[in-house]
Amino acid sequence: MDLRLEAIINSVDDAIISVDEEQRVVFLNEPAARLFRCERSHAAGQPLAQFPELTDAWRQLNLDGAPLSEAVPRAVRRIQRRRTDADPTPLEAMLSGAVVNGKKIVTAVIRDIFLQQQMEAAVYQARKHQAIGALASGIAHDFNNILTAVISQIDLALHGPDCPVSLRDHLNYAQASARRGAELVHKLQQFSRQTKPKFGPLNLTEVIEQVVFVLRRSIDPRVTIKYVPPAARPWLVRADAGQIMHALVNLGLNARDAMPDGGWLHIQLANLSLAPADARAPRQAGDFVQLTVADTGRGMSPEAMARLFEPYFTTKDVSKGPGLGLSITFSVVAEHGGWMEVESRLGHGTQFHVFLPRTREPAVAPAAPDALVADTRRMEGRERILIVDDEEPVRVVMRAVLAFRGYQIVEAGDGEEALGKYAAASPPFDLVLMDVHLPRLNGRDALQRMREHNPRIKAILLSGGLNDQEHEPPGTMEGARFLQKPFQNQELVRAVREALDAE
């Protein structure tokens with residue numbers, strides 16, 4: 001063979017092998033010799049049977065001794081390189097046939113498709129996560145509608161003049177439980193969708209409690225999860241709660257996979273100050289919150305630990321995922337200005353340490369209940385309001401809350417009905433309260449069409465399942481306010497009054 005042509009063939013990544021009708025090796029390039037562990041200099045002209053791994057591949061191609069036609073139809077087949085020291089390597093072979101000097105020859109171009117399969121699995125997982133996120137958003141929207149009605153009805157009962165004192169404690173407890181449910185739906189919704197990070201002061205204890213709740217309901221009960229809050233109040237970190245939750249769930253699921261027969265999963269939190277003398281890469285000097293996720297699983301070899309955070313690297317079966325969980329966690333921690341450390345030995349479990357820098361930015365305190373109910377008289381009004389929501393219980397509650405304070409209320413169940421009532425209103429409505437997710441015509445489009453009649457329309461869009469795009473509307477939505485479901489009655493009244501009073 002011409003030396004230049006041979007050099008070109010040896011430079012490609014694919015393995016190229018040619019075998020004649022007598023099952024003798026005619027040619028193989030350097031990648032083929034490496035893949036099938038053949039001595040290339042001695043292979044040409046030798047019987048195929050002298051090379052076990054190459055013979056096994058040829059057998060999988062159904063070409064072991066079968067009579068060859070003058071031209072084998074081009075075909076692509078999937079085979080495996082079988083080895084005893086590791087899992088089988090997936091291969092893709094393209095076959096072609098030819099006649100050279102009167103001899104029938106079959107050539108196979110064979111490619112290692114392990115990385116391709118990993119990428120395909122990653123794309124599949126990403127699409128599945130997107131579908132789960134869309135499903136979770138829809139479910140969250142429905143749950144938030146239900147919780148809006150529950151919380152508001154309890155609030156009406158609590159503040160009603162005929163509410164017996166003996167029932168107030170029970171109603172307060174029921175309302176607090178409903179609000180906890182609403183908060184949990186919001187946390188799960190944050191976790192299940194991809195959003196732009198929203199950094200702010202965060203107490204990791206609150207996130208860990210949510211993660212433990214999720215893990216206890218999603219992993220084998222033989223895995224005991226233990227979290228003991230730290231004795232000292234943990235420092236705040238500047239972080240995105242949804243991303244941190246996602247990262248910690250990844251660590252928890254990784255620990256689960258390391259304990260197929262059960263074990264212990266420990267989560268610990270501690271404050272840590274590092275002096276400049278202790279700052280050796282990746283460690284930094286300063287104040288940090290250290291989060292540790294430890295398991296009693298199988299542990300890892302030094303070789304596995306060296307590649308632990310590489311995308312698509314995994315020591316698990318492909319059914320356990322494409323090997324992106326730890327690389328995503330590593331990226332999230334790095335984006336937050338922190339780093340990760342790992343301790344592990346085969347048979348002795350694994351400890352992941354996450355370090356996040358402390359922030360001295362004060363946490364945003366929730367509004368005190370007294371502040372929400374203060375100046376009730378200023379929250380009253382006589383304006384005309386159009387309430388648009390496809391959930392009748394939500395409309396009933398909002399009507400009761402606002403009518404009690406003097407507002408004149410008209411209802412609509414979808415976007416088309418809302419357009420008709422808005423166009424026919426005389427005098428016109430002073431404010432539109434409209435859910436984003438409506439049948440027939442969604443709230444955003446309905447508001448846009450209303451704005452064609454009245455560019456100065458005042459509106460509040462409501463939703464129990466907003467995503468980033470809905471939180472950041474295009475220019476046509478300028479002037480519209482947003483109110484997330486479920487809300488307290490005082491929040492609704494305050495939002496309505498502020499929207500009406502705005503210039």
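Everything numeric here is computed off the predicted structure, so don't read it as measured data.
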Practice task
Check step by step if side chain to side chain donor-acceptor pair (under 3.5 Å) holds for Asp445 and Asn442.
Solution key: CA-CA 6 Å; Asp445 292 340; Asn442 69 50; 3.2 Å; yes
Practice task
Please confirm whether the backbone N or O of Leu438 pairs with a side-chain atom of Asp435, one donor and one acceptor, at under 3.5 Å?
Solution key: no
Handout entry: Interatomic distance, Arg395 atom CZ to Asp390 atom CG [nearest 0.5 angstrom]
Key = 8.0 Å
Completion exercise
Of all heavy-atom pairs linking Leu431 and Ala459, the shortest is CD1-N, 3.8 Å
Exercise for the section: Report, as yes or no, whether the 6.0 Å neighbourhood of atom CZ on Arg283 holds more than 12 heavy atoms from other residues, nucleotides or ligands. Expected result: yes
Exercise for the section: Check whether any side-chain heavy atom of Val432 lies under 4.5 Å from a side-chain heavy atom of Ile385, and answer yes or no. Expected result: no
Practice task
Check whether any side-chain N or O of His348 sits under 3.5 Å from a backbone N or O of Ser344 as a donor-acceptor pair, and report yes or no.
Solution key: no
Handout entry: For Pro230 against Pro234, the heavy-atom pair lying closest together
Key = CG-CD, 3.9 Å
Practice task
Have a look at Met434 and tell me which of Ile387, Leu461, Leu386 forms a side chain to side chain contact (heavy atoms under 4.5 Å, CB included) with it.
Solution key: Leu461
Exercise for the section: Can you establish whether the number of heavy atoms outside Arg111 located under 6.0 Å from its atom CZ is more than 12? Expected result: no
Handout entry: Least distance between heavy atoms, Pro201 atom then Pro362 atom
Key = CG-O, 3.4 Å
Handout entry: Close side-chain approach of Pro357 to Trp235, heavy-atom, < 4.5 Å
Key = no
Exercise for the section: Decide yes or no on side-chain contact (heavy atoms from CB on, under 4.5 Å) for Gln351 and Asp295, but give the supporting numbers first. Expected result: CA-CA 7 Å; Gln351 295 184 36; Asp295 65 66; over 6 Å; no
Handout entry: Where Leu346 and Gly299 come nearest, the two heavy atoms and their spacing
Key = CD2-O, 3.8 Å
Problem - CG on Leu204 to CD1 on Ile267, rounded to 0.5 Å - result: 11.5 Å
Practice task
Specify whether Phe288 and Trp339 have parallel, tilted or perpendicular ring planes, treating 30° as the upper limit for parallel and 60° as the lower limit for perpendicular.
Solution key: perpendicular
Practice task
Report the C-alpha distance between Val293 and Leu265 in whole Å, list the side-chain angles of each, state the deciding distance to 0.1 Å, and finish with yes or no for side-chain contact (heavy atoms from CB on, under 4.5 Å).
Solution key: CA-CA 7 Å; Val293 178; Leu265 171 58; 3.6 Å; yes
Practice task
Calculate, to the nearest 0.5 Å, the distance between atoms OG1 and CG belonging to Thr359 and Leu202 respectively.
Solution key: 10.5 Å
Problem - Within-4.5 Å side-chain heavy-atom neighbours: Glu343 and His353 - result: yes
Problem - Pair His266 + Tyr227: ring centers closer than 6.0 Å - result: no
Exercise for the section: Please tell me if the side chains of Asp389 and Lys485 come closer than 4.5 Å, counting only heavy atoms from C-beta onward. Expected result: yes
Problem - Asp261 side, atom CG; Arg298 side, atom CZ - distance, nearest 0.5 Å - result: 8.5 Å
Problem - Sub-4.5 Å side-chain heavy-atom contact between Lys458 and Arg481 - result: no
Fill in the blank from the handout: Taken to the nearest 0.5 Å, the spacing of Ser273 OG from Arg358 CZ works out to 7.5 Å
Problem - Non-hydrogen side-chain atoms of Arg256 and Leu253 separated by less than 4.5 Å - result: yes
Problem - Side-chain (Arg222) to main-chain (Gly263) donor-acceptor, under 3.5 angstrom - result: no
Exercise for the section: Decide yes or no for Val496 and Leu402: does some side-chain heavy atom of the first lie under 4.5 Å from some side-chain heavy atom of the second? Expected result: yes
Problem - Side-chain touch Leu291/Val289, heavy atoms, less than 4.5 angstrom - result: no
Exercise for the section: Any chance you could lay out the side-chain contact (heavy atoms from CB on, under 4.5 Å) test for Gln448 and Arg444, step after step, and finish with the verdict? Expected result: CA-CA 6 Å; Gln448 173 60 24; Arg444 290 164 60 86; over 6 Å; no
Exercise for the section: Can you measure from CD (Glu383) to OH (Tyr407) and round to the nearest 0.5 angstrom? Expected result: 5.5 Å
Handout entry: Audit row: Met340, Leu251, side-chain contact (heavy atoms from CB on, under 4.5 Å) steps and yes/no
Key = CA-CA 11 Å; Met340 294 181 66; Leu251 291 178; 4.0 Å; yes
Exercise for the section: Indicate yes or no: does Asp287 engage Arg360 in a salt bridge with an N to O separation below 4.0 Å. Expected result: yes
